[in-house]
Amino acid sequence: MPNARVLYWFRTDLRLHDSPALKAALDLKPEVLYPIWCWDSHYVYHARVGNNRWQFLLDCMEDVSKSITKLNGKSKLFVLREPAVTLLPKLFKAWRITHLVFEKDTDSYGRDRDAQVMESAKKAGVEVLFESGRTLWDSDKVVKANGGKPTMSITQLQHAGEKVGNIAAAIETPENLPDPGDLKLDIGQTQPDGASDINAKYRDGEEVSYGSGIAGPNNDFAVPTLEELGMKPATTPHRGGESVVLQKLEEILSDSDYTGTFEKPKTSPAAFEPQSTCLTSPYLHFGALSCRYFYHRVEEVTEARRKAKKNISVPPTSLTGQLLFRDMYFAAQAALGWSFGQTYNNSHCRFVPWHLPSKVNVETKLITGGYEVDDAEKEKEFQRWAKGMTGFPWIDAIMRQLNIEGWIHHLARHAVACFLTRGGCYISWERGAEVFEELLIDHEAACNIGNWQWLSCTAFYSQFYRCYSPVAFGKKWDENGDFIRKFVPELKDFPKKFIYEPHKAPIQDQKKAGVLISGDGAETERGGVPVYPKPMFDFPTQREVCIQGIKQAYHVGLHGNDAKVLDGTWKQLFDDNGEGPTEGEQGGPGGMLSFEDAEGTEDGHHGSPILKRSSKAENPSSGQQSNVKTAHKRDRSQGTLDGAFAKRAKK
DNA sequence: CTGATTGTTGAGGTG
DNA sequence: ACACCTCAACAATCA
């Protein structure tokens, strides 16, 4: 198609290697190709994204932009400061676009956004091409091969994957790219409304990215900086980018023993500098590394070892097994949609009367972003967990590493997730998932949600009697407590004997180590001496409380979509003395006495918020509306990089 | 259909 | 150091 004018819309595919969507765009032999990024209010204001993940994203964007320029000096990643849903209809006209090409997104949010964009492309007479490229197999095909059901075990995923076919071989990186067309833009900018900025705590300056116009402060479509977003500098040592990870991958692969015999359960969660796993997850999330390329390169190493009769590891514990789990979670989410990310109305998530349950909108059947504080003590425990002040050094070290570096080992995630939910606090997994969503640089909605369900024994896994100890589990890997000494520095000189249970140390030992073990974490210093809190509960007691609670919930046997969960009468089935907000006969689905107001449903619209139409909203450019009133924060927090917003025409 | 086995990654004990 | 057993006990898979 020699006259094709292509808009290549980068999203979570920030790479040039092995990109089926980019290949589809280049196969059009376009006259012009605009590589673009649409700046997205969802990511800026409404999804939980801390400054560390922001930095990683910006690194990936900067890197792919440089790679584009290397292939064509006139081109780069053109970053447009406006969400795709309002921007693209204008861009189609301004740049006389004939084709829109992007990588398929099966995240619930991405699907809704893309449906809306495709509708506007159709109206504008623009042809849309998209390719699956984020997973080993197209997640929708996996679901179909699994009988239309979510893949809830690794064997289901493996069987379904076999039916779909071989994992596609990697596609060559292009050697050149077409010129971009004319960059003149004479269109108004629709700015998102930053009023409900969920990430405000990460900002110390004015957010100016939108205020400086569609092409940015220098009018050159440059990749923004954290400073431009008013965000505090990142604290993570991990840096993003396709070129960074491709080099890293070569180092990993060059160690045949490591790559070929990798077994996840045998890697230490306490290792740091370097960590025990290869830390490719954030690159996979942003698409800087293709999971299929990774898979096949690891297979090459494994095959060579097999021929040489050397040891090899196999799925599910091997490196390729990790990629299979990723596909399993993607296909589970692809099948279940929005309900996958919550207990309420989720057909495959067990109902457990957790503390701090999510509030729900009973009309949309979506969680609202808020939660019920059924017990003030539990709220306190949650806050102490989130910042690493539980008084259990192993848990606190992990949570502090998460806060500072944005990455923690998979088994460390197990330890803290089990502790918050079924093995300690008995707090809803949805609370934990939200904290991880905010802090992890590798946050992948499908994997995060799936793993939280796994660890809380609400889906994917059910052996709730296998419970991680906040003392014994860490000790198994790191008897000396070096990991604790690194991330809980007030304990750095604590005697080895008590490093996992400092409250058991005699006061003389505490004095000698220069730290006082006291209080609930509110006090961090007394008379110049650092204070580390006492444990917030007796773990063996809480372990028993949790196991009995889960056992009863399993016995009751409700899932998120059972009628008694939907209408709140589940309480009748639970012992009033059971753990969690179980008292009474009836209550809100979350557990409290009243249902959350079904907000934003006055027009009687149903379905996911981004697709709603409201006669009240205005959108002069496309005639379509997003209704910010119906699109609550948490309703929008599972998607990727674009979103719903209130329209505010630039003056 | 039944019953045995298996399930990426528990803890605590023994030999 | 490491293999193996038991504790209590869920649910998918397979013969």
Side-chain angles (χ1 to χ4, degrees), chain A residues 146-147 149-162 260-271 275-278 281 295 298 302 312-329 331-332 347-352 392 394-395 398 408-424 447 450-480 483 500-501 538-559:
Chain A
N146 195 46
K149 293 184 187 128
T151 45
M152 302 306 287
S153 72
I154 198 66
T155 40
Q156 282 177 12
L157 182 276
Q158 283 172 308
H159 292 159
E162 269 170 40
T261 66
F262 182 95
E263 289 180 77
K264 182 59 119 339
K266 291 186 182 168
T267 59
S268 170
Q275 72 287 338
S276 63
T277 50
C278 38
S281 50
Y295 184 96
V298 171
T302 310
I312 53 161
S313 56
V314 292
T317 51
S318 65
L319 274 178
T320 52
Q322 310 312 302
L323 295 171
L324 293 173
F325 273 107
R326 184 172 173 273
D327 260 49
M328 177 186 81
Y329 289 131
S347 55
H348 286 68
C349 180
R350 283 188 177 276
F351 178 80
V352 174
F392 293 93
W394 169 247
I395 299 298
I398 295 166
I408 52 178
H409 185 277
H410 189 69
L411 290 183
R413 300 180 197 204
H414 279 214
V416 296
C418 180
F419 183 85
L420 183 73
T421 58
R422 68 178 167 88
C447 300
N451 276 316
W452 273 94
Q453 290 176 10
W454 183 302
L455 266 300
S456 61
C457 284
T458 49
F460 300 101
Y461 188 75
S462 54
Q463 288 162 272
F464 52 76
Y465 42 89
R466 291 196 173 164
C467 180
Y468 292 88
S469 157
V471 175
F473 187 66
K475 257 187 201 168
K476 188 169 83 182
W477 297 100
D478 178 17
E479 217 203 324
N480 191 46
F483 179 73
Y500 282 86
E501 296 174 283
D538 177 61
F539 176 73
T541 307
Q542 268 311 110
R543 181 188 182 277
E544 213 36 54
V545 166
C546 287
I547 287 179
Q548 291 313 313
I550 298 277
K551 203 166 149 181
Q552 196 193 358
Y554 265 71
H555 182 69
V556 171
L558 293 172
H559 286 79

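Worth knowing before you read on, the calculation uses all heavy atoms, side chains too, and leaves out hydrogens, waters and symmetry mates. It should be emphasised that the depicted structure is a prediction, and the values quoted were computed from it without experimental measurement.
- If you take CD of A:Gln463 and P of B:dG10, they are 8 Å apart, rounded to a whole angstrom.
- Shown for residues 540-550 of chain A: no residue has heavy atoms falling under 4.0 angstrom of DNA chain B.
- No donor-acceptor contact under 3.5 angstrom links the side chains of A:Gln552 and A:Gln548, judged on distance only.
- A distance cut-off of 5.5 Å between ring centres, combined with a plane angle under 30°, leaves A:Tyr465 outside any stacking arrangement with the base of C:dC7.
- Rounded to whole Å, atom C1' of B:dT8 lies 11 Å from atom CD of A:Gln158.
- Of the P atoms belonging to B:dT6 and C:dC4, the separation is 14 Å, rounded to the nearest Å.
- Using a 4.0 Å heavy-atom cutoff across all strands shown, A:Gln156 reaches sugar-phosphate atoms only and no base atom.
- Side chains of A:Phe325 and A:His410 form no contact here, defined as non-hydrogen atoms less than 4.5 Å apart.
- Taking NZ of A:Lys264 as the start and OG1 of A:Thr317 as the end, the distance is 10.0 Å to the nearest 0.5 Å.
- Taking atom CD1 of A:Ile154 as the reference point, atom C1' of C:dT13 lies 15 Å away to the nearest angstrom.
- Nucleic acid contact class of A:Phe464 (heavy atoms, under 4.0 Å, all strands): sugar-phosphate only.
- A search for ring-ring contact (aromatic ring centres under 6.0 Å, His included) contacts involving A:Phe460 returns A:Tyr329, not counting sequence neighbours.
- Between A:Tyr500 and A:Trp394, the angle of the ring planes lies from 30° to 60°, which puts this pair in the tilted group.
- Which of C:dC10, C:dC14, B:dT9 sits closest to the side chain of A:Arg466 comes down to B:dT9.
- Among the protein residues, A:His555 comes within range of no part of the nucleic acid, since none of its heavy atoms lies under 4.0 Å from any strand.
- If you take CZ of A:Phe460 and P of C:dA12, they are 12 Å apart, rounded to a whole angstrom.
- In this structure, the side chains of A:Ile550 and A:Tyr465 stay at 4.5 Å or more apart for every pair of heavy atoms.
- In the set B:dT9, C:dC14, C:dC10, the nucleotide with an atom closest to the side chain of A:His410 is B:dT9.
- In the set B:dT9, B:dG7, B:dG12, the nucleotide with an atom closest to the side chain of A:Lys264 is B:dT9.
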Take A:Ser347 and A:His559 through the test side-chain contact (heavy atoms from CB on, under 4.5 Å) and record every step on the way to the result. CA-CA 6 Å; A:Ser347 55; A:His559 286 79; over 6 Å; no
Which dot-bracket string fits DNA chain C when only Watson-Crick or G-U wobble pairs with both atom distances under 3.5 Å count, crossing pairs get [ ], and | stands for a partner on a different strand? .||||||..||||||
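- Contact between the side-chain N/O atoms of A:Thr155 and the OP1/OP2 oxygens of C:dT13 is found at a separation under 4.0 Å.
- With rounding to the nearest 0.5 angstrom, the CZ atom of A:Arg422 is 6.5 Å from the CG atom of A:Leu455.
- Minimum atom distance to the side chain of A:Pro265 is reached by B:dT8, of the listed C:dA9, B:dA11, B:dT8.
- Distance noted for atom P between C:dC7 and B:dT8: 25 Å (whole Å).
- Contacts of A:Trp477 with the nucleic acid, taken as non-hydrogen atoms under 4.0 Å apart, are absent.
- By the 4.5 Å heavy-atom criterion applied to side chains, A:Tyr554 and A:Cys457 are counted as neighbours.
- The side-chain heavy atoms of A:Thr458 and A:Trp452, taken from C-beta on, include no pair separated by under 4.5 Å.
- Side-chain nitrogen and oxygen atoms of A:Ser153 include at least one within less than 4.0 Å of the OP1 or OP2 phosphate oxygen of C:dT13.
- Within 4.0 Å of A:Tyr554, counting heavy atoms only, lie sugar-phosphate atoms of the nucleic acid but no base atom.
- Between B:dT5 and C:dT6, the two P atoms lie 14 Å apart (nearest whole Å).
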